[in-house]
2 protein chains.
Amino acid sequence: MHQKRLIQSEIDTLNNILTHINDELENLNRSERKVAEVILADPQTATRSTIAVLAKASQVSEPTVNRFCKKFNTAGFPDFKLHLAQALARGVPYVNRNVEPEDTSDSYTPKIFDATISSLAYAKEKLSPAVINQAVDQLIQAKQILFYGLGASGPVAQDAQHKFFRFNIPVTAYDDVLMQRMAAAACGTGDVVVVISYTGRTKELVDIAALARKSGACVIGITASASPLAKHCSVVLGVEAPEDTDVYMPMTSRIVHLAVIDVLATGVTLRRGPGFLSHLKKIKDSLKDTRYQTEPATRQN
Amino acid sequence: MHQKRLIQSEIDTLNNILTHINDELENLNRSERKVAEVILADPQTATRSTIAVLAKASQVSEPTVNRFCKKFNTAGFPDFKLHLAQALARGVPYVNRNVEPEDTSDSYTPKIFDATISSLAYAKEKLSPAVINQAVDQLIQAKQILFYGLGASGPVAQDAQHKFFRFNIPVTAYDDVLMQRMAAAACGTGDVVVVISYTGRTKELVDIAALARKSGACVIGITASASPLAKHCSVVLGVEAPEDTDVYMPMTSRIVHLAVIDVLATGVTLRRGPGFLSHLKKIKDSLKDTRYQTEPATRQN
DNA sequence: ATTTTTATGTAAGTAAATTACATTTCTGTT
DNA sequence: AACAGAAATGTAATTTACTTACATAAAAAT
């Protein structure tokens with residue numbers, strides 16, 4: 001409970017002077033609150049306003065706006081606008097990030113993209129390159145790699161398999177618990193099991209991770225760092241998605257996981273050295289005959 | 001070829017005034033180039049400079065700086081700084097977005113996230129909510145939904161199935177051409193086939209889309225808008241990923257596709273009305289017993 | 001060589017932001 | 001309830017920043 005709140009507020013701080021304003025609303029003077037409300041109502045416009053316009057809109061004097069800006073650790077109005085613009089550029093709606101029942105395709109389309117983007121931005125900050133490196137260390141020397149995911153993470157595991165087969169290492173993705181358990185029991189030193197789970201709380205999967213570990217495999221978790229699953233992993237790639245984003249179905253979480261897979265695949269590719277690129281090219285080129293070529297007969301649209 | 005260039009430069013404008021400046025360096029006047037160089041050398045500082053300071057640093061007059069700004073489609077110097085600040089906030093490196101052989105985990109990790117984020121930002125701008133709406137129109141009244149994907153799009157189709165089964169419509173994902181072809185042949189009015197393909201040039205899949213269409217199905221394409229596949233679709237959700245991002249394996253493209261799936265699923269959910277949320281909740285809650293609860297014994301990490 | 005176009009700078013004017021100071025409003029005390 | 005002190009807000013002046021109009025210089029074309 002408390003943990004979740006903490007994460008949320010970290011996201012806020014990380015991203016956003018807007019959330020900061022929102023949080024401080026209580027502690028502001030009457031006039032300053034007017035300013036805050038006008039800004040929060042339409043921050044995009046605020047970034048393009050002059051101090052005079054904003055003062056008028058808030059029905060306060062210009063110096064009040066200026067004082068307001070300084071309260072938020074900015075040098076003055078122009079600097080404040082700069083911070084505001086940067087917060088907005090991150091694409092994070094500071095309130096109402098969630099889709100509402102009244103939304104139309106005009107409004108929910110950008111909201112979903114924004115939520116996805118902001119999860120990625122958050123994960124980018126939080127993921128430690130050092131830990132990525134550890135994971136790559138393990139993957140590069142694996143005799144065999146297994147990707148495990150259940151539910152929405154099933155396709156993520158499949159996707160990972162689709163990437164890693166290129167490395168000439170035996171790779172399998174399992175999305176059912178029986179196969180996962182059997183394969184985990186059969187593991188030995190040199191095998192790497194990558195367990196993908198958003199919550200890290202699925203009992204079966206926690207069990208299976210423990211089992212794989214006991215069998216001598218290296219277990220890499222792509223999961224929430226403070227989860228039961230994480231405790232059983234040799235390497236934890238911690239990704240906590242903000243609360244409330246995935247209301248009733250997994251959305252942003254699995255996309256972040258895919259991005260992590262991309263990072264790992266890239267890491268392995270680079271370790272393999274420049275000669276390996278031609279190998280990848282060969283695989284890509286193998287598809288050539290199955291495709292229509294780009295040049296001809298594509299004048300339209 | 002030309003098409004690609006166009007898309008690339010659009011991305012630049014959208015994402016990143018810095019890349020835009022970098023690309024246009026050649027086409028600038030001598031004085032304006034001086035300004036460009038000073039800005040590129042330290043864009044962060046530029047956002048906090050006044051026009052006078054920047055003019056002096058570039059050894060040109062203030063109006064030259066002003067004219068420079070206007071060349072990049074900004075209203076003037078303050079507006080230019082705003083764009084610059086936003087570009088920087090996105091954290092997208094304006095040159096060398098691509099992973100280089102020399103990169104370490106410190107550098108390739110953020111690069112991959114940035115590339116993913118910027119593809120999403122681009123898709124967000126380009127996707128038309130009206131077309132989304134058309135697709136949702138079709139999906140909401142479908143007797144049956146089929147998701148087709150090959151290769152890297154296979155897992156995307158699986159993921160879509162995993163989302164759409166919640167809507168109480170028969171949903172199937174196929175990732176092999178034989179099943180796809182047979183199912184397409186068996187389609188009739190009221191069936192919706194969602195074909196997912198990054199390039200839109202896989203011959204088999206283009207064939208299959210045409211077949212499904214001929215059978216009376218509505219074909220929704222999540223693919224490049226100017227592709228052979230797009231020509232056979234009833235509704236095209238056009239997503240062109242920037243060139244060079246997915247060098248030797250599909251990376252950002254499939255993530256954008258997943259985001260599109262999320263948007264569609266959200267659209268369908270909203271159409272179903274508020275009562276439907278409790279149905280979704282029921283599905284989510286069904287997992288409760290398979291999970292460790294959040295509260296207890298999670299003090300560490 | 002001359003005209004035309006393009007590039008750049010100067011200087012003036014306008015707009016924006018900040019500061020100093022005056023006034024009002026609130027708070028707590030007698 | 002009246003008053004002193006403090007805090008909040010506004011007014012007006014000042015400073016700073018930005019833009020425009022125009023002039024000059026450089027380059028390109030005839």
Side-chain angles (χ1 to χ4, degrees), chain A residues 17 20-88, chain B residues 17 20-88:
Chain A
I17 193 172
H20 191 187
I21 296 172
N22 202 46
D23 291 350
E24 291 296 310
L25 259 183
E26 313 299 308
N27 313 328
L28 292 174
N29 300 327
R30 200 158 31 81
S31 308
E32 288 173 347
R33 190 166 320 151
K34 286 190 214 165
V35 179
E37 276 157 7
V38 171
I39 291 171
L40 289 174
D42 187 356
Q44 193 66 56
T45 299
T47 60
R48 283 186 250 98
S49 305
T50 68
I51 196 169
V53 169
L54 189 60
K56 195 159 187 192
S58 318
Q59 304 196 290
V60 300
S61 68
E62 299 185 20
T64 299
V65 176
N66 193 265
R67 281 187 283 260
F68 170 88
C69 296
K70 288 182 174 170
K71 276 209 178 158
F72 289 94
N73 302 316
T74 61
F77 185 68
D79 188 41
F80 177 84
K81 282 197 294 190
L82 217 75
H83 281 260
L84 204 57
Q86 296 193 322
L88 288 170
Chain B
I17 197 166
H20 193 186
I21 296 171
N22 200 50
D23 291 350
E24 292 295 312
L25 259 183
E26 314 299 309
N27 312 328
L28 292 174
N29 302 325
R30 199 156 32 82
S31 308
E32 288 173 346
R33 191 167 320 151
K34 285 189 213 164
V35 179
E37 277 158 6
V38 171
I39 292 171
L40 289 175
D42 187 355
Q44 193 66 57
T45 299
T47 60
R48 283 185 251 99
S49 304
T50 69
I51 196 169
V53 169
L54 189 59
K56 193 157 186 196
S58 318
Q59 303 197 289
V60 299
S61 67
E62 299 185 19
T64 299
V65 175
N66 194 263
R67 282 186 284 260
F68 171 87
C69 296
K70 288 183 175 169
K71 276 211 177 156
F72 290 95
N73 302 317
T74 61
F77 186 68
D79 188 42
F80 176 85
K81 281 196 294 188
L82 217 76
H83 281 260
L84 204 57
Q86 296 191 322
L88 288 171

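Model, not experiment: these values are computed from the prediction. By convention in this document, chain letters (A, B, ...) are assigned in the order of the sequence lines, proteins followed by strands, and residues within each chain are numbered from 1.
- Between B/Arg30 and B/Ala52, the residue whose closest nucleotide on DNA chain D is further toward the 5' end is B/Ala52.
- Put simply, CZ on A/Phe80 is 12 Å from P on C/dT18, counting in whole angstrom units.
- Comparing D/dT9, D/dC18, C/dG9 by their closest approach to the side chain of B/Phe77 singles out D/dC18.
- Residue B/Lys70 is in sugar-phosphate contact alone, with no base atom involved, counting any heavy-atom pair closer than 4.0 Å across all strands shown.
- Close to D/dT11, at under 4.0 Å from its OP1 or OP2, lies no side-chain N or O of A/Ser61.
- Counting only heavy atoms from C-beta on, B/Ile51 has its side chain closest to D/dT19 among D/dT19, C/dA17, D/dT20.
- Look at NZ on B/Lys56: it is 14 Å from P on D/dT16, rounded to the nearest Å.
- When all heavy atoms are compared, the tightest approach of B/Thr64 to B/Glu32 is CG2-CG, 4.2 Å.
- When heavy atoms are screened at a 4.0 angstrom cut-off, B/Val60 is found touching the sugar-phosphate backbone but no base atom.
- Annotation for A/Glu24: atom CD counts as buried by contact number, over 12 foreign heavy atoms lying within 6.0 Å.
- Side-chain nitrogen and oxygen atoms of B/Asn66 include at least one within less than 4.0 Å of the OP1 or OP2 phosphate oxygen of D/dT19.
- In this model, the phosphate group of D/dA8 is not approached by any side-chain N or O of A/Thr64 to a distance below 4.0 Å at OP1 or OP2.
- Rounding to the nearest 0.5 Å places CD of B/Glu37 at 9.5 Å from CG of B/Leu28.
- Of the candidate nucleotides D/dC18, C/dT19, C/dT8, D/dC18 has the atom lying nearest to any side-chain atom of B/Pro78.
- For the pair A/Asn27 CG and D/dA8 C1', the computed distance is 16 Å after rounding to whole Å.
- Atom P of nucleotide C/dA17 and atom CG of A/Leu54 are separated by 10 Å, given to the nearest angstrom.
- No more than 12 heavy atoms of other residues, nucleotides or ligands lie within 6.0 Å of NZ in B/Lys56, so this atom counts as exposed by the packing criterion.
- Residue A/Glu62 contributes atom CD, which lies 14 Å from atom P of D/dA13 at whole-angstrom precision.
- Residue B/Gln59 contributes atom CD, which lies 13 Å from atom P of C/dT10 at whole-angstrom precision.
- Between A/Val60 and A/Arg67, every side-chain heavy-atom pair lies at or beyond the 4.5 Å cut-off.
- Taking 4.0 angstrom as the limit, B/Asn29 places none of its side-chain polar atoms (N or O) nearer than this to OP1 or OP2 of C/dT6.
- At C/dA17, one or more side-chain N or O atoms of A/Lys81 fall inside 4.0 Å of OP1 or OP2 (strictly under the cut-off).
- Rounding to whole angstrom units, CG of residue A/Asp79 and P of C/dT18 are separated by 9 Å.
- The distance from atom CZ of A/Arg67 to atom C1' of D/dG10 is 8 Å, rounded to the nearest whole Å.
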